[in-house]
Amino acid sequence: MKNINGYKPDKIEKKWQDKWVESKIYEVDLKSAKKPFYNLMMFPYPSAEGLHVGNMYAQTGVDIYGRFMRMNEFDVFEPVGLDGFGIHAENFALKIGENPMEYSKITEKNFYKQMHAIGLATDWSKTIETYKPEYYKWTQWLFVELFKKGLAYRKSQLVNYCPSCKTVLADEQVIEAKCERCGADVTKKQLEQWFLHITKYSDKLLNNIENLNWSDKVKTAQKQWIGKSKGLEIVFKVENSTFEIPVWTKYWETIHGVIFLVVAPEYYTKIKDLVPNSIQKDVSNYVNQSLIKTTVERSTEDKDKSGIFTGIYAVNPVNKNKIPVWIADYVMMDVGTGAVMGVPAHDARDFDFAIKYELPIIQVVKYEDEAINRKIENRETSFEGKGILINSGEFTGRQSIGKDKEIMAEVLIKSGIARWQVAYHLRDWLISRQRYWGCPIPMIFCENCKNEAKSWFSENNIVANWDASGWYPEDSLPVVLPYIKNYKPLGTGKSPLSLNKEFVEARCPNCGAVARRETDVSDTFLDSSWYFFRYPSLTEEKYLLNIDITKKWLPVNMYIGGAEHSVLHLLYSRFITMFLHDQKVIEFEEPFTRFYAHGLLIKDGRKMSKSKGNVVIPDEYIKKFGADTLRIYLMFIGPYNQGGDFRDTGIEGMHRFVKRVWTLLTTKVNVSTLTSNTDKSFMYGSINGVTKDLTDLKFNTAIAKIMMFYNHFSSKDGISLEVAEVLLLMLAPFTPHLSEELWQLLHPNQLSFSSIHSQSWPKVQKTFLSEEKIDIAIQVNNKFRDIISIENNMRNNEKEIQKVALAQEKIIKFIGDESIEKVIYIPGKAMNFVTKKSS
RNA sequence: GCCGGGGUGGCGGAAUGGUAUACGCGGUAGUCUCAAAAACUACUGAUUAUAAUGAUCAUAGGGGUUCGAAUCCCCUCCCCGGCACCA
């Protein structure tokens, strides 16, 4: 075969991309597929400048795995889509002064253009954009279903608020007390908002984790986020009052050491009437100052704790001591009961507080280390750890942990002052957003029906913890997001949609009167919490998903995405799946059989970001080197789950390899067949290794093995068609265009188009896997000294190997005149002679 | 502070109890060329110098298990990620 010009990726890549779409080789028949394999990439939320190379990195890995599975005769369904609704897209539109609704069209166009350019084996007839009414109709439907089952509710609560994005946020979107999207300090506000009752599934979400084929890292992150812990709720009675202050604690063994109680500033409204008039002004001043602090200000961990005495006294239920009640902003209202028992001897925060306000300290656990005991006595430190209880009434002398601690809990419970209380870190999912670019929450408020419409709810089978206070679900969906000019967030606690009269005014589904529409939109994470159900069911018009198709294709077999969604998206998706399961729509509780977190691609040792100016745009590299080179380079950088550092010299090296393959296969292929057994065993060994690596998503080592395969055969005068085919088939998932072009050149005059991507993955012939000759490393006193080559069928003949080894010059030299004390043989690998000086 | 993942040449990284440094980048020398680029070939962990099919030392540091440890165990240090005034 002649060298048909040089390697011109720009010529061949577009050609094959079009041909693949035209011949529909990546479209599966969802109904009749025999070996369904749902291979899914977390769909991105790109900004309008398009995808950066990190997105390509993620997507390419998914694609290579999917292509590999397809060649292994699975019916692979690999759809892509665009998560374009939400604050991220809207913030970008705001920045450049465009309307997000108009701008989404440009984003979408760029997105799909780039996705095509990287050469994905995607079913392009099944795409999703979350901001299209035909999609978000079902997001709204899902919300209504949740509402009908009592899992969507409206409640006034202390919520996270981002003053920069001018909207409330879910707990999960607050990272280190800052907004996940913009990084601004988050504050707390008491607001009435829509919540989804994810905590109903706390235990199921926690217990199912054990059996998921996910990485420990993600599993641990979810466990910690759900944060289940068992403790006691202990009731403290307020002196001269019927009021009670319950506290929650895991350290009830220190109850005799409680010197004071501390409650959160938000607690003030509950105890206001108990505060003596003389100090009420000072107390309320302190409370007001605390409430305007951001969460960061309140939670920065420093020694300087502030607080104020309320004038109230409570009674320690075990020893009847009179203890003061303080308000301090180191106590959080949304943790435990919002009230804490102050044990300064055994809690660092309480200790700091007691020192600052000169409160007494009583040690109730005595430690083995006398130095620590002395320090506690001298008010120098607090300490937590196991020891013997002291100053603890009937419990004095008992252990502070273990069985004694359990007994103590039982006693406290029996005496009626405490009860077991399991606490979770997980909160209900706050989904209201006071923004424009999101899915409208499909609810209507009717003043007319307020408190009168319980019958409507029961007729419509709406159960729930719902009191028919005037909120009704829309009766026809979708509620279309209108185009509005002034879409900027208002910062008034309302969405800009609230200024749009046409949108706000609605008919009450119950009485037909003029009613008010909900103007908040929902969190983007609601859009993405169920999209994987929709891809295979896109043609279903009557329901969110098609039951038969879903049965066949879900749960998702392989889900690949960024680890940054360990708690957000993955937890929400699990919740929605559990909900659908409980509605008897689906039979499984978990959406993703396997989740694989790819690593982060960095540049010059740092995370890519616009502010650092080190964002790599893939387009220019595709233009310069072609998509195939970029793909195979990205996968070669390092282990897929660890990410890597993108370097220009690296991609040039991979381009050289791709060009070498091109040259070899366009000039040196002949019709000879492989005769040498060494060559055969090398070939099948390579296939075997690459197959294993691809199965485990070890793309970097798979590529290294393909390179060795090339190096082995390219040094010959010419290569046989058989070898050329194996090389191309192994390369096909990595460099789909190049492989297709060369495959077609090697197979001219075909009656109809037969793509390399429809071929089977090369099979290993096991008889050739074990080489005729194997190498055994020979060690003398653990040091590698020589290597001997023996017939493979001799591998278990230890005596013979020993004989050969001891005949080697080097071995004789190193053993010298010492006597052999021990011989260790590891079959097929190594032999070690341990010697002893002969005296 | 607690939990999870790491630390291997000049660089990205191979190797999961048995030949450390595969594969690639970078570097050095050469071939080709008027020259350069490209391409190709050889060498490339460090030390040593009796210049070789040699020796010694190297997988963050220290200790242990083992005939044998980058790999398993214990302690220390450092980096990345998650959670966190959780009471």
Side-chain angles (χ1 to χ4, degrees), chain A residues 6 175-177 215-225 227 229 231 247-252 254 261-262 264 298-303 305 328-332 334-343 346-350 352-353 384 423-425 563-564 566-567 597 599-600 602 605 607 633 636-639 641-654 656-657 659-660 663 698 700-711 715 775-787 809-810 813 821-835:
Chain A
I175 313 291
E176 289 178 353
S215 70
D216 283 343
K217 192 175 174 160
V218 177
K219 283 160 89 165
T220 312
Q222 290 222 354
K223 272 185 212 161
Q224 284 183 354
W225 187 260
S229 57
V247 303
W248 185 87
T249 182
K250 281 190 284 189
Y251 307 102
W252 57 83
T254 62
L261 291 186
V262 204
R298 273 183 66 174
S299 61
T300 29
E301 204 169 339
D302 56 31
K303 297 250 165 192
K305 305 233 172 324
D329 64 11
Y330 77 89
V331 177
M332 302 292 157
D334 45 14
V335 176
T337 58
V340 175
M341 57 184 214
V343 187
H346 306 287
D347 180 283
R349 295 155 301 179
D350 297 342
D352 294 340
F353 196 73
E384 292 165 56
Y424 295 89
H425 176 253
E564 70 272 20
S566 298
V567 280
L600 185 71
I602 56 172
K607 203 174 165 176
Y633 169 62
F636 187 65
I637 288 180
N641 59 0
Q642 277 176 42
D645 199 343
F646 189 96
R647 290 161 76 218
D648 285 9
T649 51
I651 195 168
E652 276 162 22
M654 286 316 278
R656 279 202 282 274
F657 173 69
K659 281 192 289 187
R660 279 200 289 265
T663 308
K698 290 180 178 170
N700 57 331
T701 50
I703 294 165
K705 287 182 178 101
I706 295 172
M707 286 173 160
M708 286 165 77
F709 183 84
Y710 167 89
N711 291 343
S715 53
D775 290 340
I776 308 284
I778 308 298
Q779 298 164 305
V780 178
N781 291 325
N782 319 317
K783 268 204 175 129
F784 168 73
R785 292 304 182 185
D786 202 3
I787 201 146
E809 234 177 85
K810 278 178 144 189
K813 183 182 150 197
E821 190 172 70
K822 207 171 175 185
V823 180
I824 293 132
Y825 178 60
I826 289 63
K829 281 184 177 170
M831 178 171 276
N832 187 12
F833 293 99
V834 184
T835 70

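Proteins come first, then strands; the chains are lettered A, B, ... in the order of their sequence lines, and each starts at number 1.
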Return the nearest nucleotide to the side chain of A:Gln224; candidates are B:C3, B:C23, B:C40.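 Looking only at heavy atoms from C-beta outward on A:Gln224, the closest nucleotide is B:C3.
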Hey, does the side-chain of A:Lys223 have a donor or acceptor N/O within less than 3.5 Å of a partner on the base of B:C3?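 Side chain to base: no pair present.
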Anything under 3.5 Å between a protein N or O and an N or O of nucleotides 55-57 of chain B, put it in a table, one pair a line.
unit_1	atom_1	unit_2	atom_2	d
B:A55	OP1	A:Arg785	NH1	3.3

Who passes side chain to side chain contact (heavy atoms under 4.5 Å, CB included) against A:Phe784, sequence neighbours left out?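 By the side chain to side chain contact (heavy atoms under 4.5 Å, CB included) rule, A:Phe784 matches A:Ala777, A:Ile787.
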Just to verify, what does A:Ala704 make a side chain to side chain contact (heavy atoms under 4.5 Å, CB included) with, not counting sequence neighbours?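 By the side chain to side chain contact (heavy atoms under 4.5 Å, CB included) rule, A:Ala704 matches A:Phe636.
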Counting only side-chain N and O atoms of [X], is one of them less than 4.0 Å from OP1 or OP2 of [N]?
X: A:Asn711; N: B:A22; result: no
X: A:Lys217; N: B:G81; result: no
X: A:Arg656; N: B:C40; result: no
X: A:His425; N: B:A84; result: yes

State whether the number of non-hydrogen atoms from other residues, nucleotides or ligands found under 6.0 Å of A:Lys698 atom NZ is greater than 12.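 No, not enclosed.
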Taking the same atom, [atom1], in [N] and in [M], what whole-Å distance lies between them?
N: B:A22; M: B:A38; atom1: C1'; value: 27 Å
N: B:U47; M: B:C40; atom1: C1'; value: 33 Å
N: B:A70; M: B:C57; atom1: C1'; value: 16 Å

Where does RNA chain B form stems of at least three consecutive Watson-Crick or G-U wobble pairs, each pair having both distances below 3.5 Å?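 Stem segments, range with range: B:1-7 with B:77-83, B:10-12 with B:23-25, B:26-31 with B:39-44, B:45-48 with B:54-57, B:60-64 with B:72-76.
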Ignoring hydrogens and geometry, is there a side-chain-to-backbone donor-acceptor pair from A:Tyr633 to A:Arg647 under 3.5 Å?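 Side chain of A:Tyr633 to backbone of A:Arg647: a pair is present.
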Could you check how far OH of A:Tyr251 sits from C1' of B:G1, rounded to whole Å?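 Between C1' of B:G1 and OH of A:Tyr251: 11 Å.
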Just to verify, what does A:Trp225 make a ring-ring contact (aromatic ring centres under 6.0 Å, His included) with, not counting sequence neighbours?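 Scan of A:Trp225 (ring-ring contact (aromatic ring centres under 6.0 Å, His included), adjacent residues dropped) gives A:His425.
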Answer with base, sugar-phosphate or nothing: what part of the nucleic acid does A:Lys250 contact at a heavy-atom distance below 4.0 Å?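 A:Lys250: backbone/sugar contact only, no base atoms under 4.0 Å.
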Encode nucleotides 11-19 of chain B as B, S and - characters from 5' to 3', where the letter depends on protein heavy atoms closer than 4.0 Å: B to the base, S only to sugar-phosphate, - to neither. BBSS---BB
